[in-house]
Asks: 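Here you go, one structure.
Everything numeric in this text was worked out from a predicted model, so none of it was measured.
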Amino acid sequence: MEMPVEIVNHSPAFVMVAETAADEAAREALLDRAMGPKRRKKSSERLRRGRRPSEGLAFVVRDASGAVVGTVRLWDVRLGEGGRAALLLGPLAVDPALKNAGIGSALMRHAVTEAARLGHGAILLVGDAPYYGRFGFSAAKTGALAMPGPYERHRLLALELTDGALDGAQGTLRAAGRKLKTLPLTFAA
């Protein structure tokens, strides 16, 4: 289903769609351009590695030519050992040539709305509070939570989609959800 994207500069036309397997190469190239090669070493990547995004929560934005110019995904996580389910947002990326066009904001609003519609209780992310605060994210309920590996504590932010979803949450975030399928190894004789 195509969704129009509200943008600041009204040309060219952009459309937001559910990500498909055909978007993988373009999405990875966009992430490399927007975030650089060190993106694969982030603590958030440890929670994504070997997993698929949460069902129905991976989106791309295409420009008028069909090129992928924005992306966001949400991932299933557990809040500590045996803890409750939540989502981890990221990465959110927009083509550097289109910064400030409203694409990132549109992706964020859509991701939060869809996560709530699908019944998820909370979304966490590692990011800049001034940017993500306008979508309701804060560090107010992340004090007893941690990421696996190095991260800046003040950048662990959360948004409750259901009141109280993070009450009492503690521990290190753990990967959950759907695993990537691995192909069996075959050896030539």
Asks: Tyr132 ring centre to Arg134 NZ or CZ under 6.0 Å, with the angle to the axis within 45°?
Replies: no
Asks: Could you go step by step and tell me if Arg178 and Trp75 meet the side-chain contact (heavy atoms from CB on, under 4.5 Å) rule?
Replies: CA-CA 9 Å; Arg178 306 174 305 156; Trp75 305 81; over 6 Å; no
Asks: So Arg73 and Arg27, do their side chains get closer than 4.5 Å, heavy atoms only?
Replies: yes
Asks: Under 4.5 Å between side-chain heavy atoms, hopping through other hydrophobics if needed: is there a path connecting Phe59 to Ile103?
Replies: yes
Asks: Is any side-chain heavy atom of Val61 closer than 4.5 Å to one of Val68?
Replies: no
Asks: Should Arg51 and Leu180 count as side-chain neighbours, where that means a heavy-atom distance under 4.5 Å?
Replies: no
Asks: Drop me the distance from Leu30's CG to Thr71's OG1, to the nearest 0.5 angstrom.
Replies: 6.5 Å
Asks: Which heavy atom of Ala111 sits nearest a heavy atom of Leu89, and at what distance?
Replies: CB-CD1, 4.3 Å
Asks: With hydrophobic residues grouped by side-chain heavy-atom distances under 4.5 Å, do Tyr151 and Met35 end up in a single group?
Replies: no
Asks: Please determine whether a side-chain nitrogen of the Lys or Arg among Arg155 and Asp128 lies less than 4.0 Å from a carboxylate oxygen of the Asp or Glu.
Replies: yes
Asks: Tell me whether Lys141 is salt-bridged to Asp167, with the criterion being a basic N under 4.0 Å from an acidic carboxylate O.
Replies: yes
Asks: A quick test of your reading: do over 12 heavy atoms of other residues, nucleotides or ligands sit less than 6.0 Å from NZ of Lys99?
Replies: yes
Asks: Tell me whether Leu118 shares a hydrophobic cluster with Met16, the cluster being built from Ile, Leu, Val, Met, Phe, Trp, Tyr side chains joined at under 4.5 Å.
Replies: yes
Asks: Do the side chains of Ile123 and Glu160 get nearer than 4.5 Å, heavy atoms only?
Replies: no
